[in-house]
A.B. asks: 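Handing you a structure now.
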Amino acid sequence: MPKSHRVQLVDLVGACRAFVSVSERGSFTVGAAAARMSQSVASRRVAALEERFGERLFERTARRAVLTPFGRDMLPAARQLVLAADVLHHEAETAKLKPWRLAVPDICSTAGLARLIADARGHGVTLDLRAAAPAERAELLHSQQVRAALLAVPRDEATWSVPLGLAGAQDPGGKRLYAETLRMGRAGLGEPRRIWIQPEDDVPHIRDPLTRLRDAVGLRPAQLVVAADHTTAAAEVMCSRDVLLCSPAQARELALHWRPLGEIALTRGFALATAVAGHPDHIRARLGDDIARCLGADEGADEGAGEGADEGMETPGAVVT
């Protein structure tokens with residue numbers, strides 16, 4: 001619809017609102033006040049309506065505005081138009097308050113998710129979050145159980161990227177932790193140190209490079225383990241010399257010592273996708289920074305290394321393959 005036509009439609013609703021209000025109160029002064037407009041505006045709108053119809057709607061006296069026969073005939077339709085416009089406005093306001101059901105990574109902390117919801121409200125968006133692993137998030141979106149989802153994608157497809165490294169209960173020293181240092185000696189004494197992968201990172205663009213690295217540096221197959229859930233993975237690392245593949249934010253939350261992986265750079269990538277015919281642009285524009293904070297994408301390695309991190313530790317962005 002051309003812009004001029006849209007303006008005319010809005011003017012028609014406003015003119016009908018003035019017409020109905022004046023007719024109900026028999027006065028331009030009182031009717032204009034009831035419609036929350038000045039008397040001059042009400043008079044102009046009614047005059048424009050009369051010009052449009054080619055007939056007078058009111059007989060005007062010094063104190064009264066009396067409907068003409070034509071005005072009485074037009075009043076029911078004008079009331080219907082004003083009522084329809086009010087209903088439309090109410091439905092629009094209700095639709096804006098409808099929660100955005102969003103599937104998010106289940107590794108996000110409770111505090112992070114709560115802050116995301118609170119920040120979204122400040123932008124006029126009500127979020128209903130569903131925490132799930134990558135495959136489940138994709139399925140929730142496909143089955144339209146959510147309006148949008150943060151999907152796990154490779155870095156070159158991502159809107160938000162989160163650096164990954166290795167974290168353990170003991171401070172490893174140095175600026176990076178190399179997977180080759182986990183290799184068993186020739187004597188093969190003691191338990192092999194394992195790298196625990198959380199379900200969030202059990203995706204090809206993270207798991208496969210890490211598997212190739214395991215084989216390249218001579219680790220045993222059993223030294224790379226996909227955990228059933230991130231709580232189990234964290235518990236295994238806390239009570240052993242094992243390490244957890246995680247982000248700086250997770251390491252800080254778990255009080256683990258985090259280092260970038262020495263041999264390769266691994267990154268969690270996230271992209272916002274919507275259900276059929278959805279448009280994520282306005283959500284991404286309003287909540288992009290808030291989503292980044294929730295995911296830990298706005299943190300460098302020196303901010304998330306946990307207690308005991310080396311001063312001046314390099315950020316994951318400095319790691320090269």
Side-chain angles (χ1 to χ4, degrees), residues 100-109 112-113 115-117 119-120 123 125 127 129-142 146-167 195 197-213 226 230 244-253 258-261 263-276 278-305 314-321:
W100 261 80
R101 186 165 295 173
L102 174 66
V104 298
D106 58 6
I107 55 169
C108 293
S109 68
L113 295 176
R115 183 178 179 184
L116 176 59
I117 292 173
D119 289 341
H123 294 288
V125 179
L127 290 180
L129 302 181
R130 293 288 186 272
E136 186 181 354
R137 296 200 301 274
E139 178 55 32
L140 287 171
L141 184 67
H142 178 73
V146 295
R147 295 177 67 183
L150 290 170
L151 299 182
V153 297
R155 183 173 184 173
D156 58 359
E157 300 174 18
T159 303
W160 301 276
S161 295
V162 181
L164 292 176
L166 299 178
I195 299 174
I197 301 177
Q198 302 172 81
E200 181 62 36
D201 301 317
D202 188 19
V203 290
H205 57 274
I206 296 175
R207 180 191 62 240
D208 293 353
L210 196 56
T211 300
R212 290 193 292 269
L213 175 62
V226 178
H230 57 273
L244 176 69
L245 183 71
C246 66
S247 69
Q250 277 189 292
R252 184 180 65 243
E253 181 186 3
W258 188 92
R259 296 293 186 274
L261 188 58
E263 293 91 347
I264 58 174
L266 294 176
T267 304
R268 285 179 189 147
F270 297 98
L272 182 66
T274 56
V276 178
H279 298 285
D281 292 347
H282 74 287
I283 292 294
R284 191 162 46 229
R286 292 186 189 183
L287 304 182
D289 292 342
D290 305 315
I291 291 173
R293 279 194 297 270
C294 185
L295 296 173
D298 63 337
E299 300 188 22
D302 57 335
E303 296 175 331
E314 295 178 14
T315 65
V319 181
V320 294
T321 55

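Computed from a predicted structure; not experimentally measured. Atom set for the values below is all heavy atoms of this structure, side chains included, hydrogens, waters and symmetry mates excluded.
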A.B. asks: For the residue pair A275 and L141, what are the closest heavy atoms and their distance?
C.D. replies: N-CD1, 3.4 Å

A.B. asks: Which pair of heavy atoms, one from A271 and one from T159, lies closest together, and at what distance?
C.D. replies: CA-OG1, 4.3 Å

A.B. asks: Please round to the nearest 0.5 Å and tell me the distance separating atom CG of L266 and atom CZ of R155.
C.D. replies: 10.5 Å

A.B. asks: Can you check whether L295 reaches C108 side chain to side chain, under 4.5 Å on heavy atoms?
C.D. replies: yes

A.B. asks: Is there side-chain contact between L210 and D201, with at least one heavy-atom pair below 4.5 Å?
C.D. replies: no

A.B. asks: Answer yes when D290 and R115 have at least one side-chain N-carboxylate O distance shorter than 4.0 Å, and no when they do not.
C.D. replies: no

A.B. asks: Before you tell me yes or no, could you show the steps for L102 and I283 under side chain to side chain contact (heavy atoms under 4.5 Å, CB included), namely the whole-Å CA-CA distance, both residues' side-chain angles and the distance that decides it to 0.1 Å?
C.D. replies: CA-CA 11 Å; L102 174 66; I283 292 294; 5.9 Å; no

A.B. asks: Testing the basics here: between S247 and L164, what is the closest heavy-atom pair and its distance to 0.1 Å?
C.D. replies: N-CD2, 3.8 Å

A.B. asks: Which atoms form the tightest heavy-atom contact between P204 and P209, and what is the distance?
C.D. replies: O-CD, 3.4 Å

A.B. asks: State which residue, out of I291, L129, L127, fulfils the side-chain contact (heavy atoms from CB on, under 4.5 Å) condition with V104.
C.D. replies: L129

A.B. asks: Is the side chain of R137 donor-acceptor paired with the backbone N or O of A132 at a distance under 3.5 Å, no angle test?
C.D. replies: yes

A.B. asks: Donor-acceptor pair, distance only, cut-off 3.5 Å: does the side chain of W258 make one with the backbone of C246?
C.D. replies: yes

A.B. asks: Would you mind reporting whether P248 and P163 have side-chain heavy atoms less than 4.5 Å apart?
C.D. replies: yes

A.B. asks: As an exercise, state the distance from CG of L245 to CD of Q198, rounded to the nearest 0.5 Å.
C.D. replies: 7.0 Å

A.B. asks: Heavy-atom distance under 4.5 Å between the side chains of H142 and E139, does that happen here?
C.D. replies: yes

A.B. asks: Grab the two heavy atoms, one from A158 and one from V153, that are nearest each other, plus how far apart they are.
C.D. replies: CA-CG2, 3.7 Å

A.B. asks: With side chain to side chain contact (heavy atoms under 4.5 Å, CB included) as the criterion, how do R268 and I107 come out once you've worked through the C-alpha distance, each side chain's angles and the decisive distance to 0.1 Å?
C.D. replies: CA-CA 12 Å; R268 285 179 189 147; I107 55 169; 3.1 Å; yes

A.B. asks: So E200 and H230, do their side chains get closer than 4.5 Å, heavy atoms only?
C.D. replies: no

A.B. asks: Please determine whether side chain to side chain contact (heavy atoms under 4.5 Å, CB included) holds for the pair L116 and D119, giving the CA-CA distance in whole Å, both sets of side-chain angles, and the decisive distance to 0.1 Å.
C.D. replies: CA-CA 5 Å; L116 176 59; D119 289 341; 5.5 Å; no

A.B. asks: Using 0.5 Å steps for rounding, measure from the CG atom of L272 to the CG atom of L287.
C.D. replies: 9.0 Å

A.B. asks: What verdict does the side chain to side chain contact (heavy atoms under 4.5 Å, CB included) test give for R284 and W160, after you've listed the backbone C-alpha separation in whole Å, the side-chain angles of each residue and the deciding distance to 0.1 Å?
C.D. replies: CA-CA 11 Å; R284 191 162 46 229; W160 301 276; 4.2 Å; yes

A.B. asks: Between E263 and R212, does at least one N-O distance fall below 4.0 Å, as a salt bridge requires?
C.D. replies: no

A.B. asks: Heavy atoms only: give me the nearest G296-V162 pair and the separation to one decimal.
C.D. replies: O-CG1, 4.0 Å

A.B. asks: When you compare the side chain of Q250 with that of L244, does any pair of heavy atoms fall below 4.5 Å?
C.D. replies: no

A.B. asks: Look up atom CG in L261 and atom CG in L166, then write down how far apart they are to the nearest 0.5 Å.
C.D. replies: 5.0 Å

A.B. asks: Does atom NE2 (H123) have a neighbourhood of more than 12 heavy atoms from anything else shown, all under 6.0 Å?
C.D. replies: yes

